[in-house]
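These notes are about the structure you will find just below.
Residue indices begin at 1 and follow the sequence shown.
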Amino acid sequence: MGFFSFLGRALFASLFILSAWQMFNEFDVNGGPISKELIPKLIVVKKNLSSKLGVALPDIDARQFITTIIFLKGVGGILFVFGSTLGSYLLLLHLVLTTPLLYDFYNYRPSNPKYNQLLNEFMLNTALFGALLFFIGMKNSIPRSQLRKKTPKAKTI
């Protein structure tokens, strides 16, 4: 059972690790190809938050945001493979930061073809979020005393 658990975590985390590796390899002076998509969305988020809060917010640097995404995906994925709850929390943080920002289906009408594509990706990330919550719940439901195997005491006569 331990091997299949490890294999499942490795396959699940490979989505994040390989994506982080690809983003790292494509990272350049401007932040890579994702920055072209991310910068306009960050500007819209800044405007919306500024108007809702009534406070001028500082600019969000796309390169720093992309670096944070790469870190959360890479380190979180590697830690998750080894069963760390810290890794799952890092992956959760990544999904919370990026899912509503990158997959903004709510800004499109259902008749727009991009709406279905973004909604599909949003729901996929929501399912990944749920799987991570399930992992954390299962990890916390096992008492810590069960995780450590007790060594049998030698019988004395």
Side-chain angles (χ1 to χ4, degrees), residues 1 3-141:
M1 185 66 176
F3 172 74
F4 289 115
S5 177
F6 176 78
L7 181 64
R9 289 192 312 270
L11 291 173
F12 182 83
S14 68
L15 172 74
F16 296 100
I17 295 169
L18 294 174
S19 174
W21 181 253
Q22 180 183 4
M23 287 178 73
F24 177 76
N25 285 332
E26 293 174 347
F27 194 79
D28 60 6
V29 178
N30 299 325
I34 192 165
S35 64
K36 292 179 185 87
E37 182 180 345
L38 193 60
I39 290 172
K41 292 183 180 193
L42 286 172
I43 291 170
V44 169
V45 166
K46 180 187 170 198
K47 284 182 185 177
N48 287 340
L49 287 176
S50 294
S51 67
K52 300 280 184 200
L53 299 175
V55 180
L57 295 175
D59 288 337
I60 302 169
D61 185 22
R63 291 187 70 225
Q64 288 178 347
F65 191 75
I66 293 168
T67 304
T68 304
I69 292 171
I70 293 170
F71 172 80
L72 291 174
K73 281 181 171 183
V75 174
I78 291 169
L79 290 175
F80 183 80
V81 168
F82 296 108
S84 169
T85 53
L86 176 62
S88 57
Y89 282 119
L90 290 176
L91 293 176
L92 279 175
L93 180 60
H94 156 69
L95 289 173
V96 164
L97 290 174
T98 59
T99 300
L101 183 65
L102 291 176
Y103 308 115
D104 58 342
F105 69 94
Y106 43 83
N107 288 331
Y108 296 90
R109 298 206 179 273
S111 59
N112 190 332
K114 197 161 182 160
Y115 174 85
N116 288 328
Q117 178 187 7
L118 290 171
L119 180 61
N120 188 28
E121 293 293 326
F122 184 88
M123 296 307 292
L124 175 70
N125 279 10
T126 304
L128 293 174
F129 189 85
L132 287 167
L133 288 178
F134 180 76
F135 173 79
I136 292 170
M138 291 301 293
K139 192 87 169 169
N140 290 335
S141 69

Item checked: Thr99 side chain near Leu128 side chain, heavy-atom distance below 4.5 Å -> no

Check: Under a 4.5 Å cut-off applied to non-hydrogen side-chain atoms, are Phe129 and Val96 in contact?
Finding: yes

Checklist line | Ser35 (side chain) donor-acceptor with Asn30 (main chain) under 3.5 angstrom | finding: yes

Notebook entry, point to check: Can you tell if the side chain of Leu72 reaches within under 4.5 Å of the side chain of Leu97, non-hydrogen atoms only?
Noted result: yes

Check: Are Phe80 and Phe16 an aromatic pair by the rule of ring centers under 6.0 Å?
Finding: no

Check: What's the shortest heavy-atom distance between Pro100 and Leu95, and which atoms?
Finding: CD-O, 3.9 Å

Margin query: How close do Gly74 and Ala20 get, counting heavy atoms only, and between which atoms?
Written below: N-CB, 3.6 Å

Item checked: Distance in Å, Glu37 CD paired with Leu42 CG, rounded so as to fall on 0.5 Å steps -> 10.5 Å

Note to self: Please find the pair of heavy atoms, one from Leu101 and one from Lys41, that lie closest to each other, and give the distance.
What the structure shows: O-CD, 3.2 Å

Notebook entry, point to check: When rounded to the nearest 0.5 angstrom, what distance separates OH in Tyr103 from OG1 in Thr98?
Noted result: 6.5 Å

Check: Are Tyr108 and Leu119 close enough that some pair of their side-chain heavy atoms sits under 4.5 Å apart?
Finding: no

Check: So, do Leu38 and Phe65 sit near enough that their side-chain heavy atoms are less than 4.5 Å apart?
Finding: yes

Next item on the list: Give the minimum heavy-atom separation between Arg9 and Phe135, together with the two atoms involved.
Entry: CD-CE1, 3.8 Å

Item checked: For Val81 against Ala10, the heavy-atom pair lying closest together -> CG2-CA, 3.9 Å

Next item on the list: Measure the CD1-CD1 distance between Ile69 and Ile34 for me, rounded to the nearest 0.5 Å.
Entry: 5.5 Å

Checklist line | Nearest heavy atoms of Gly77 and Ala13, plus distance in Å | finding: O-CB, 3.3 Å

Margin query: Would the distance check show the side chain of Asp59 and the main-chain N or O of Asp61 forming a donor-acceptor pair, the cut-off being under 3.5 Å?
Written below: no

Notebook entry, point to check: If we ignore angles and hydrogens, is there a donor and acceptor under 3.5 Å between the side chains of Lys139 and Thr85?
Noted result: no

Next item on the list: Report the residues that fulfil side chain to side chain donor-acceptor pair (under 3.5 Å) with Glu26, sequence neighbours left out, ordered by chain and then residue number.
Entry: Gln22

Note to self: Angle between ring planes, Phe105 versus Tyr115, binned at 30° and 60°: parallel, tilted or perpendicular?
What the structure shows: perpendicular

Check: Which value, rounded to the nearest 0.5 Å, describes the distance between Arg63 atom CZ and Phe27 atom CZ?
Finding: 4.5 Å

Notebook entry, point to check: With no hydrogens and no angle check, is any side-chain donor or acceptor of Ser51 less than 3.5 Å from a backbone partner on Asn48?
Noted result: yes

Margin query: Just so I know, are the side chains of Thr126 and Phe122 near enough to count as touching, which here means a heavy-atom distance under 4.5 Å?
Written below: yes

Note to self: Rounded at 0.5 Å granularity, tell me how far CG in Leu92 sits from CD1 in Ile136.
What the structure shows: 4.5 Å

Item checked: Interatomic distance, Trp21 atom CH2 to Phe24 atom CZ [nearest 0.5 angstrom] -> 6.0 Å

